[in-house]
Protein chains: 2
Amino acid sequence: MADSNRSDPHPLTVERIVDAACLIIERDGLSGLSMRKLGTELGVDPMAVYHHVAHKRELLALVTKRTIGTMTPLDPSAPWEVRVRQWAIRYWDLVVAHRELTLAGLADPEIAAGGRPSTEPLIAAVAESGLPTDLIEPNAFLVVDAVHGSALAVGSLDRHDTGGHVDLRAAFDNGIDTILAGITLLADAESERTTRP
Amino acid sequence: MADSNRSDPHPLTVERIVDAACLIIERDGLSGLSMRKLGTELGVDPMAVYHHVAHKRELLALVTKRTIGTMTPLDPSAPWEVRVRQWAIRYWDLVVAHRELTLAGLADPEIAAGGRPSTEPLIAAVAESGLPTDLIEPNAFLVVDAVHGSALAVGSLDRHDTGGHVDLRAAFDNGIDTILAGITLLADAESERTTRP
DNA sequence: ACCTGAACACCGTTCAAGT
DNA sequence: ACCTGAACACCGTTCAAGT
């Protein structure tokens, strides 16, 4: 009963709360995370968490921020096609690994506001293709949307008769082939237009 | 008090239940639909619904089925590029109009099992491009995924600084341009390969 | 056969009370 | 300043009881 004021194992910081939330999500899924369970997991009154986080959506925004932060940056020396594919595959892996959180972010802007993948490197890579400027953003978003659509379809029991993830990843890679081919064709048409007046 | 056995206004069929569910979803959003509110809306004990529908997910599967059924078929005489775009735009409109339901379907296979958009006409259109057979399905799924990604991003407050929906629809149309260009290029490469051995 | 209503095991969130 | 615990207003679902 002596040193209870040393360094209380109870500082209950936002960081520890997010740690615990990520742990529960990884273990029980996002639907298994409740504010009450979170308190219990932290060895604290279920409602204590509300002193550090305004509400559940803010907590999920913080979880999103941390999750997005784990995406590794692109290889800047690679040609633009390689960088686009790199970005797409890496984000695909991230979304597949955090499907429920991505869905929650698409359903609630406050959760999504916690963090989005940084699209600047992707946009920069697409820009290098030579596409007219007004088509750069739409084509970058096409990549983002294809990632979301494909990665969120994982586990929809539709498609893939046999091997599951692997098939879908390969199919997604084919999709990137098509997008890159399309960007190349449209960029060539543009350079044709501008070089000979 | 006489004719209470004529034709009781209480037959409470599955159809009437789905009607009411769609009405509530349209009015209050999917998050505004509860089994209890549904019963009240039908002028019946909240729990009576469970006599006709096993659980909420089955109800949402039925709602999905009805919603999917509203997609109009393609114009079969149009060239394949036009049919692909037609399919994409029509499905895009449907998903935008039923974002929450689509998200619920992506989160829960039992809900999605209620109905998916019929991809056969889309696959048939893509097949006409001349793409090698093993690339037909992946490219059709690319279209489906691009629709999901783009339509679900509507309302994410990201993108579109100005005009909202209209911009995103136009950007999506640009995305379809790229996909069609990509398919064309890959199909040409294939015909090159097969005609001259 | 179909509807009722109490009950169970949960939710997120608020707020007065404690230390 | 921070934590507690009762309370509020909900959920989906089960089940014995009614008609």
Side-chain angles (χ1 to χ4, degrees), chain A residues 1-18 20-21 24-25 27-64 100-101 103-104 107-111 114, chain B residues 1-18 20-21 24-25 27-64 100-101 103-104 107-111 114:
Chain A
M1 318 113 189
D3 52 12
S4 71
N5 62 343
R6 173 84 59 93
S7 67
D8 200 349
H10 266 303
L12 197 54
T13 59
V14 173
E15 204 193 339
R16 279 190 56 218
I17 290 172
V18 175
I24 292 173
I25 291 172
R27 196 185 55 203
D28 308 330
L30 184 58
S31 49
L33 172 70
S34 76
M35 296 301 271
R36 294 167 132 95
K37 213 202 275 192
L38 181 57
T40 309
E41 183 82 27
L42 287 159
V44 101
D45 185 278
M47 302 306 125
V49 175
Y50 281 100
H51 243 268
H52 300 84
V53 150
H55 39 244
K56 195 180 185 180
R57 279 140 68 224
E58 183 179 306
L59 172 65
L60 292 182
L62 292 168
V63 171
T64 299
E100 287 183 305
L101 192 60
L103 287 167
D108 186 338
E110 186 168 343
I111 295 173
Chain B
M1 319 111 188
D3 52 11
S4 71
N5 63 341
R6 173 85 58 94
S7 66
D8 200 350
H10 265 304
L12 197 53
T13 59
V14 173
E15 204 194 338
R16 277 189 58 219
I17 291 172
V18 176
I24 293 174
I25 290 172
R27 197 185 56 204
D28 308 329
L30 184 58
S31 49
L33 173 70
S34 75
M35 296 301 271
R36 295 166 131 96
K37 211 202 277 190
L38 182 57
T40 309
E41 183 82 28
L42 287 159
V44 101
D45 184 278
M47 301 307 124
V49 175
Y50 281 100
H51 244 269
H52 299 84
V53 149
H55 39 245
K56 195 181 186 181
R57 278 141 67 224
E58 183 179 305
L59 172 64
L60 293 182
L62 292 167
V63 170
T64 299
E100 287 183 306
L101 192 60
L103 287 168
D108 186 337
E110 187 167 343
I111 295 173

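Reminder, nothing fancy here: chain letters follow the sequence lines and each chain counts from 1. These values consider heavy atoms only, across backbone and side chains, with no hydrogens, waters or symmetry-generated copies. None of the values given here were measured: they were computed from a predicted structure.
- Between D:dC2 and C:dA16, the distance separating the two C1' atoms is 15 Å to the nearest Å.
- Between C:dT4, D:dT4, D:dC2, one nucleotide has an atom nearer to the side chain of A:His51 than all others, and that is D:dC2.
- Whole-Å rounding puts the A:Leu12 CG to D:dA1 P distance at 17 Å.
- For the residue pair B:Ala21 and B:Leu38, the shortest heavy atom distance occurs at N-CD1, 3.6 Å.
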Write down the protein N/O and nucleotide N/O pairs, taken from nucleotides 14-19 of chain C, whose separation is under 3.5 Å; answer none if there are no such pairs.
none

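- A:Asp45 pairs by the side-chain hydrogen bond (donor to acceptor under 3.5 Å, both in side chains) definition with nothing, not counting sequence neighbours.
- Judged by distance alone, the side chain of A:Lys37 and the main-chain N or O of A:Gly32 form a donor-acceptor pair under 3.5 Å.
- To the nearest 0.5 angstrom, B:Leu62 atom CG is 9.0 Å from B:Ile17 atom CD1.
- In this structure, CD1 on B:Ile25 lies 8.5 Å from CD on B:Glu100, to the nearest 0.5 angstrom.
- Residues satisfying the side-chain contact (heavy atoms from CB on, under 4.5 Å) test with B:Leu103, not counting sequence neighbours, are A:Leu103, A:Leu106, A:Ala107, B:Arg99, B:Leu152.
- Atom CD of B:Glu15 is separated from atom NE2 of B:His52 by 12.5 Å, given to the nearest 0.5 angstrom.
- None of A:Thr64, A:Ile111, A:Val53 except one satisfies the side-chain contact (heavy atoms from CB on, under 4.5 Å) rule with A:Leu59; the exception is A:Val53.
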| message | For Watson-Crick and G-U wobble pairs within 3.5 Å on both distances, what is DNA chain C written in dot-bracket notation, | included for inter-strand pairing? | response | ||.|||||...|||||.||
What does the list of N/O pairs under 3.5 Å between the protein and nucleotides 9-11 of chain C look like, with a distance for each?
from, atom 1, to, atom 2, distance (Å)
C:dC11, OP1, A:Ser34, OG, 3.4
C:dC11, N4, A:Arg36, NH2, 3.4

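- B:Met35 approaches B:His55 most closely through the heavy-atom pair CE-C, 4.4 Å.
- Spacing between atom CD of A:Glu58 and atom P of C:dT13 amounts to 11 Å, rounded to whole angstrom units.
- With sequence neighbours left out, the side-chain hydrogen bond (donor to acceptor under 3.5 Å, both in side chains) criterion links B:Arg36 to no other residue.
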| task | Determine, step by step, whether B:Val63 and B:Val18 satisfy the side-chain contact (heavy atoms from CB on, under 4.5 Å) criterion, reporting the C-alpha distance in whole Å, the side-chain angles of both residues, the deciding distance to 0.1 Å, and the verdict. | result | CA-CA 6 Å; B:Val63 170; B:Val18 176; 4.2 Å; yes
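- Regarding A:Ile17, its CD1 atom lies at a distance of 12 Å from the C1' atom of D:dC2, rounded to whole Å.
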